[in-house]
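Presented below is the structure to which this report refers.
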Amino acid sequence: MAGGAFPVPEKGGRISVTQEEKRAWAANQLRARHAQLGTLPRKEDFDEVTRSRIKAFLGPWPRALEAAGLKEPPPAQKPKRRAARKNTNPKEK
């Protein structure tokens, strides 16, 4: 997939694009806009169709920025420990 535009089929034709090519295209769109703006791109920085495709190929906006290498993923959260329950049954003391 060369260039910045997403391929469009000829009349009645189909274009076969792999998932990896779609993800690469979306990541390249984000990186190019980042280079142009000098800051993290926002959803509003893209037209509706491009924004929709980026989110479809890379996931929600924060995950898309992470996939493009523009944002660090959040630290992994440790599973919460459940507090031990007190025995409130008076017969089991």
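Model, not experiment: these values are computed from the prediction. Excluded from the calculations below are hydrogen atoms, water molecules and symmetry mates; all remaining heavy atoms, backbone and side chain alike, are included.
Shortest non-hydrogen contact noted between Ile54 and Ala26 is CA-CB, 4.0 Å. Between Trp61 and Arg51, the shortest heavy-atom distance links the atoms CZ3-CG, 4.2 Å. The shortest heavy-atom contact between Ala68 and Arg31 is O-NE, 2.9 Å.
The NZ atom of Lys71 sits 6.0 Å away from the CZ atom of Arg63 when rounded to the nearest 0.5 Å. Atom CZ of residue Arg53 and atom CG of residue Asp47 lie 9.0 Å apart, to the nearest 0.5 angstrom. The OG1 atom of Thr50 sits 11.5 Å away from atom CG of Asp45, with the distance rounded to the nearest 0.5 Å.
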Donor-acceptor contacts under 3.5 Å from residues 35-44 side chains, at least two apart:
unit_1	atom_1	unit_2	atom_2	d
Gln36	OE1	Arg33	NE	3.0

